[in-house]
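First comes the structure, then the notes that go with it.
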Amino acid sequence: MVSAQSGQSTSPTLQPPQPTQPTAPLRPAQPNTPEVAVKAEAQAAEAPAKDIDLIWALKIPMRDGIHLNGTVYKPQQQKEPVPVIFTLTPYVGDSYHKRAVYFAQNGYVFVLVDVRGRGNSEGKFEPFANEDKDGYDVVEFLARQPWSNGKVTMWGGSYAGFDQWATLKELPAHLATIVPAAAAHAGLDFPFYHGIFGTYDLQWLTYTSGGTGNGNLFGEAPFWIQKSRELYLEQAPFSSFDRIVGNTTTAFQKWLQHPFYDNYWRAMAPTPDQYARINVPILTITGHYDGDQPGAMSYYREHMQYGAASAKQNHYLIIGPWDHAGTRTPAKEVGGLTFGEASMLDLNNLHKQWYDWTLKNGKKPDFLKKRIAYYVVGPGAEHWRYADTLEGIADEHRKLYLTSANGEASDVFHSGAMTAQPQPSLPDRFIYDPRDLRPAELEKEEVKNYLTDQRYQLNLVGNGVAYHSEPFLDAAEISGYVKLTVWMAIDVPDTDLTATLYEVMPDGTSVQLTSDAMRARYRESMIREKLVTPGQITKYDFEGFTWFSRRISKGSRLRLILNCPNSIYQEKNYNSGGIVANESGKDARVAHVSVYHDGQHISALELPVVN
């Protein structure tokens, strides 16, 4: 995916349930450096695997004659049919053994199903392409089994969150509820974000190559850093990365033929009509620092837009202070931040309560006091709050206007300002030279404290502008989506842009709050491209920041950095206006970017403030 700042990498989406995670970039507003993930599945259930029965190698027929493989975990000596939970995964069913044990010990049948072409399932694996119809067929097959009472649901996050929405859009009669966590939205937040691919794509595709897991290779961070550096330092086309890695057997080249949200990707998501016909309870789970938050929230927001009123009333949303893995197994420490005890939800138990409510006529989980539960982080906060709608969380939307003294906003030490009232001033300028390879020096190793590390903020090397607000006179909660409108003139037909927002504490330390990215040719739409008219002053609306909630401390300032990404971890835009994946150093054009904030071009940041 996309790095959030000039060259930083971020933790990956679509994380398989591995004990260790490799270095990988992510879209903006995710942690902006590599991380080692928590041992999510190892911690999933502490109880030993007893009091269960097993059915090995259940063959599940698909409509085209292919058979998927399922491993069935049942309550021991099950006496009557019960609801069935299944996970449809490309990571091989055994990865979720502990989850299956937990739910089988708590009165459910749990079936681990390998997607086609993976594990012991037949067929060829094409990521995302077959899970809708296959998921439908799995639901209806499981509903007919003698140990099933006909009520079927799903469990899982990331790819298995995508699977839930893909299956639900086909409206199988026996799918009674879904609980998608960190759900990827193909073509929206993976394998690219706003048109920008990442080297992590090949890392993930290699993990899911062949029939078995390739966890050791996937987790070999030095190898993936080395190969990403080779691509970057050789200034080779991004399309050559599979050759550089040594794995040309994947969907990588096919993905590159679909660099925007075209019909290939749109076919994998619910249509407005399908959203309108959904009538099952839904519990969506995501996190402030979840790499697939844009996907998870897009499904939620689209259902709120197109769904029937009765169905929307039964769609609940939880936004915790979690990274991608934490949406299933929360951790108290993420990227240099430590959260309060209240953040440590037992999500296995919450799933069980949800299933008991929706499938067994139990009571609604006490935690779900309103349709939205969100966690506020920061000093003096660390607690859950509740709302009926996303729009109802903020009490006001406060604007801060970009300005500078004599066009000086070149770095954090010579920054522009964000003021309560417009202060027209001369434009600020920065330069992005794709052949400048200095940023790679910051990306030789993992940066574990990716939310608090400042190396990227302090090393813009002429590529970017920085703005600071005045210190907050009192603590203030910012909860929701920030928006940024910037008027810019760019002298090349295309480039990539990132905007990153931080809180800077009185002692000079900082916390990344959220980020957004944009490929300039997609500034108006991800459905069609429109190249930049060089030199023309144009409005750029950054509306893809991730959702966050933080109590900004008294005396803190906000820092906004706007630049062109230049990272080993992502597809480099050489600014020529051609097919970006095929561009190389020989195509490079230097981008001169002017940021305007005069009387006719008001650039501003909008904050959702809770009073």
Side-chain angles (χ1 to χ4, degrees), residues 1-13 15 21-38 40 182 193 200 286-294 319-327 330-340 343-344 374-382 412 442-443 445-459 466 477-482 498-517 545-553 556-561 563 565 567 569:
M1 304 304 186
V2 187
S3 53
Q5 189 38 334
S6 154
Q8 65 257 56
S9 67
T10 56
S11 56
T13 58
Q15 290 182 192
Q21 275 305 73
T23 299
L26 240 165
R27 74 190 114 274
Q30 188 52 16
N32 49 341
T33 61
E35 71 160 329
V36 176
V38 297
Y193 187 69
Y200 176 72
T286 186
H288 299 186
Y289 317 109
D290 169 21
D292 278 314
Q293 190 210 99
I319 313 174
W322 309 314
D323 62 4
H324 193 61
T327 58
K332 281 195 68 174
E333 296 184 4
V334 174
L337 298 180
T338 301
F339 308 116
S343 70
M344 298 296 289
Y374 70 95
Y375 192 89
V376 187
V377 302
E382 301 299 329
V412 299
L442 301 176
E443 298 180 322
E445 60 185 8
E446 294 178 295
V447 183
K448 295 182 179 181
N449 293 336
Y450 44 80
L451 293 173
T452 58
D453 191 277
Q454 297 195 57
R455 68 189 66 193
Y456 298 104
Q457 302 172 55
L458 302 179
N459 290 278
E477 178 187 327
I478 300 177
S479 295
Y481 291 106
V482 302
T498 57
T500 312
L501 185 67
Y502 305 86
E503 177 186 358
V504 182
M505 272 66 78
D507 64 1
T509 59
S510 75
V511 173
Q512 181 181 324
L513 302 176
T514 182
S515 295
D516 190 15
F545 288 95
T546 49
W547 199 101
F548 74 96
S549 177
R550 183 172 175 85
R551 187 175 189 267
I552 306 299
S553 298
S556 286
R557 297 183 296 164
L558 296 181
R559 172 182 292 163
L560 175 69
I561 291 181
N563 71 334
S567 170
Y569 295 111

Legend entry - Ser515 side, atom OG; Leu501 side, atom CG - distance, nearest 0.5 Å: 8.0 Å
Legend entry - Pairwise side-chain contact, Val412 with Leu458, heavy-atom cut-off 4.5 Å (strictly under): yes
Inset, instruction - Go through the side-chain N and O atoms of Thr498 and Asn563 and say whether any donor and acceptor fall under 3.5 Å apart. - result: yes
Legend entry - Flag side-chain contact, heavy atom, 4.5 Å: Asp516 against Tyr193: yes
Inset, instruction - Quick one: pull up CD1 in Ile552 and CG in Leu558 and give me the separation to the nearest 0.5 Å. - result: 5.5 Å
Inset, instruction - Using distance alone, with no hydrogens and no angle criterion, decide if Ser510 and Glu503 have a side-chain donor and acceptor under 3.5 Å apart. - result: no
Legend entry - Working for side-chain contact (heavy atoms from CB on, under 4.5 Å), residues Tyr502 and Val511: CA-CA 5 Å; Tyr502 305 86; Val511 173; over 6 Å; no
Inset, instruction - Might you point out which heavy atoms bring Pro330 and Trp322 nearest each other, and give the distance in Å? - result: CB-NE1, 3.4 Å
Inset, instruction - Working to the nearest 0.5 Å, report the span between OG1 of Thr500 and CG of Leu513. - result: 10.5 Å
Legend entry - Closest non-hydrogen atom pair, Phe339 against Tyr289: CZ-CE1, 3.5 Å
Legend entry - Gap between atom CG of Leu451 and atom CG of Leu337 - 0.5 Å precision: 5.0 Å
Legend entry - Main-chain N/O of Thr514 paired to Thr546 side chain as donor or acceptor, under 3.5 Å: no
Legend entry - Single hit among Pro379, Ser479, Ser556 for side-chain contact (heavy atoms from CB on, under 4.5 Å) with Arg550: Pro379
Legend entry - Over all atoms of both residues, closest heavy-atom pair of Ala182 and Asp292: O-CB, 3.3 Å
Inset, instruction - Verify, without hydrogens or angle tests, whether Asp323 (side chain) and Gly326 (backbone) share a donor-acceptor contact under 3.5 angstrom. - result: yes
Inset, instruction - Please confirm whether the backbone N or O of Arg455 pairs with a side-chain atom of Asn459, one donor and one acceptor, at under 3.5 Å? - result: yes
Inset, instruction - Kindly compute the distance separating CD (Gln512) from OH (Tyr456), expressed to the nearest 0.5 Å. - result: 11.0 Å
Legend entry - Gly287 to Ile319 - nearest heavy-atom pair and separation: C-CG2, 4.3 Å
Legend entry - Sequence-distant partners of Phe548, ring pair (Phe, Tyr, Trp, His ring centres under 6.0 Å), two or more places apart: none
Inset, instruction - Not counting sequence neighbours, which residues clear side-chain hydrogen bond (donor to acceptor under 3.5 Å, both in side chains) with Ser553? List them please. - result: none
Legend entry - Test side-chain hydrogen bond (donor to acceptor under 3.5 Å, both in side chains) applied to Glu382 and Tyr375, step by step: CA-CA 7 Å; Glu382 301 299 329; Tyr375 192 89; 2.8 Å; yes
Inset, instruction - Check for a donor-acceptor pair, side chain of Gln293 on one end and backbone N or O of Trp547 on the other, with a separation under 3.5 Å. - result: yes
Inset, instruction - Please name all residues satisfying salt bridge (charged side-chain N to carboxylate O under 4.0 Å, His left out) with Glu477, sequence neighbours left out, ordered by chain then number. - result: Arg385
